[in-house]
Amino acid sequence: MSLDHNEIKNIVEEIVKKIAVDNYATKSASTGLNTGKVLGKGIFSNMEDAVNAAYYAQKDLIKLSVEKRKEIITEIRKIMLENAEKLSVEAIKETGIGRVKDRLLKTLLSINKTPGVEDIQSKVYTGDKGMTLEEYAPYGLIGAITPTTNPVESIINNSISMISAGNSVVFNTHPRAKNVSRKTIELINEAIISVGGPNNTVTTVAEPTIETGTFMMKHPKVKLITVTGGPGVVKAAFACGKKVIAAGPGNPPVVVDETADIKQAAKDIVDGASFDNNVLCIAEKEIIAVKEIYRELIDEMQKHGAVLVSSDVVAKLAQVALLPDGRVNSALVGKDAKFILSQIDMHVGDDIRLIMCETDRNHPFAVEELLMPIIPVIRADNVDEAIEMAYELEHNFFHTAMMHSKNVENLHKMARKSNVSIFVKNAPSYAGLGFNGEGVTTFTIASPTGEGITTAKTFTRMRRCVLAGYFRIV
Ligand code: NAD
């Protein structure tokens, strides 16, 4: 029997792939892990194996038709919907962050409103000179790092976007959310395999650490890095010297001027700032209200589950919410308002979802991204001062800002000054993610690198193909 060149090439490729994926004793000094094992669908004991498995899976993924890719995405959504409640509860149990009811809504949002393959429609130009086609091609293997605040939602959102674009993904998930992240990744793989897609299209390690994350980002087979987290991981990704899509921290201000519908603004701010205990990076983190409506706004907010605390209580809260060195106390991130107040012996009912503190613009509660249901309320003399303070407190993250106003001039001024990726007017912050708002969703808002709302198209390389003279029919 004689084999032609292509048949030999295919056999060699298959063997190389098998060695990489099934290598049970891969040495990886950089990860500190010496024995490589496959521990589940897409779950590996070392990062080298997780990278290799996803790398080869992508080669199979791009051999499939676009119709098959659509089928894969539909099946991922279906299996995730079936498991949404269970995963949301488990995420909160494992991380100790957030509120179950809100978390489920976030998970459903990521499943239902992350765009799929339809996001990467090709473009064609025709004219006197012929035809030019622009197509969106995959990068190959993407290395993604996910946060503790939305572990399940980020993995679902990134997987749908990246796979729709023809990529595979190796995740390094947050160590404090590793079990629920692992389960999510296994379920996504099961969904893909069940409709004939490649095994290991998404992979991870069972024990993610900063070291496995660094190893992954630097791995030559990883063509694009996508990180979702705080300033540390963004900096680490940039240091790897390759293309990065970075979704970093925010500190979104909300400005309320004298023309706003105060009743509506008060309800919207409480709803947005207390949602999942304020862990969304886009959630209102400080309120800046002009003096004419300042008191009315606070009074109205108290009708919707916010409590105003005295300056003595603010001082005590600062002692528990911040560490002695001024950093945020991560033990209180994403905790219920009731629990946080109980830490200073103040007892409130379950109806209290948000703690309001009257502070000035320099208070650490305004300056730091707390990720807790504690919100400072700052008084401004006029709308121009309010917009200026909002700009300063956003720290040039270019992330998110909100405004409640009926004055188009003021809204325009704030939109231009803040120059953020998401600017929400007269609605809770989450409307900016398409939740009770128009537009698609994402859980990776890439402000530092400028992509903003990431979708499948974000994870593609644009390729142009030009044909001179022909295929012009007008
Ligand atoms: P985090 O920065 O502590 O962790 C995020 C991820 O990065 C984790 O997987 C962690 O293990 C990893 N990591 C951290 N430092 C690293 C380093 N030096 N090298 C390699 N990996 C590293 O953040 P978190 O507490 O999980 O999440 C909250 C933060 O994420 C907030 O700042 C929030 O604003 C931000 N966030 C942003 C978005 C967005 O879309 N822009 C979405 C969610 C969360």
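Here, residue 1 is the first one in the sequence, and each next residue gets the next number. Both ligands and their constituent atoms are indexed starting at 1 by order of listing.
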> Looking only at non-hydrogen atoms, find the nearest pair between L433 and I445 and report the distance.
CD2-CD1, 3.8 Å

> Give the residue and atom name of whichever protein heavy atom lies nearest to atom 12 (C) of ligand 1, and the separation in Å to one decimal.
I145 CG2, 3.7 Å

> Pick, from P249, S154, G229, the option with the minimum heavy-atom distance to atom 5 (C) of ligand 1.
G229

> Among R103, R99, R353, find the residue that satisfies the salt bridge (Lys or Arg N to Asp or Glu O under 4.0 Å) test when tested with D276.
R103

> Regarding atom 16 (C) of ligand 1: of the candidates T146, N157, I210, T212, which has the closest heavy atom?
I210

> Checking a contact table here: which protein heavy atom is nearest atom 43 (C) of ligand 1, and how many Å away?
N150 ND2, 3.4 Å

> Compute both the distance and the angle, then confirm whether K223 meets the cation-pi test with Y139: under 6.0 Å from the six-membered ring centre, within 45 degrees of the axis.
no

> Is any side-chain heavy atom of Y430 closer than 4.5 Å to a side-chain heavy atom of L105?
no

> With heavy atoms under 4.0 Å as the rule, classify the contact between L280 and ligand 1 as side chain, backbone, both or neither.
neither

> Is it the side chain (CB and beyond), the backbone, both or neither of A236 that lies under 4.0 Å from ligand 1, heavy atoms counted?
side chain

> For ligand 1, which atoms have a heavy atom of G250 less than 4.0 angstrom away?
34 (O)

> Checking K425 against F423: charged group under 6.0 Å from the ring centre and within 45 degrees of the axis?
no

> Identify whether the distance between the nearest side-chain nitrogen and carboxylate oxygen of K178 and E94 falls below 4.0 Å.
no

> Do other residues, nucleotides or ligands put more than 12 heavy atoms under 6.0 Å from the NZ atom of K413?
yes

> Below 4.0 angstrom, N of the basic side chain to O of the carboxylate: do R327 and D325 qualify?
yes

> Distance under 4.0 Å to a non-hydrogen atom of T173: what atoms of ligand 1 satisfy this?
9 (O)

> Under 3.5 Å, N or O to N or O, is H399 touching ligand 1 that way?
yes

> Evaluating non-hydrogen atoms only, which member of R176, K178, H174 is closest to atom 3 (O) of ligand 1?
H174

> Please write down residue, atom name and distance for the protein heavy atom closest to atom 26 (O) of ligand 1.
T148 N, 2.7 Å

> Please state which protein non-hydrogen atom is closest to atom 42 (C) of ligand 1 and give its distance, to 0.1 Å?
T228 CG2, 3.2 Å

> Among all protein non-hydrogen atoms, which one is nearest to atom 11 (O) of ligand 1, and what is the separation to 0.1 Å?
P175 CD, 3.4 Å

> Taking the minimum heavy-atom distance to atom 23 (O) of ligand 1, which of G248, G230, G452, C281 ranks first?
G230

> When you look for heavy atoms under 4.0 Å from ligand 1, do you find them on the side chain of T444, its backbone, both, or neither?
backbone

> Give the residue and atom name of whichever protein heavy atom lies nearest to atom 40 (O) of ligand 1, and the separation in Å to one decimal.
I445 N, 2.7 Å

> Return the minimal non-hydrogen interatomic distance between L87 and K183, and the atom names on each side.
CD2-CB, 4.1 Å

> Quick one: are N179 and K93 in side-chain contact, heavy atoms under 4.5 Å?
no

> For atom 44 (C) of ligand 1, grab the closest protein heavy atom and report residue, atom and distance to one decimal in Å.
T149 OG1, 3.8 Å

> Quickly, which of E300, Q302, H304, M356 forms a side chain to side chain contact (heavy atoms under 4.5 Å, CB included) with V270? Name it, please.
H304

> Which residue and atom name correspond to the protein heavy atom nearest atom 21 (N) of ligand 1, and how close is it?
V233 CG2, 3.5 Å

> If we set the cut-off at 4.0 Å for heavy atoms, which region of V333 has an atom near ligand 1: side chain, backbone, both, or neither?
neither

> State, with a plain yes or no, whether a side-chain heavy atom of T228 is found less than 4.5 Å away from one of T146.
no

> With a 4.0 Å heavy-atom cut-off (strictly under), which part of E369 contacts ligand 1: side chain, backbone, both or neither?
side chain

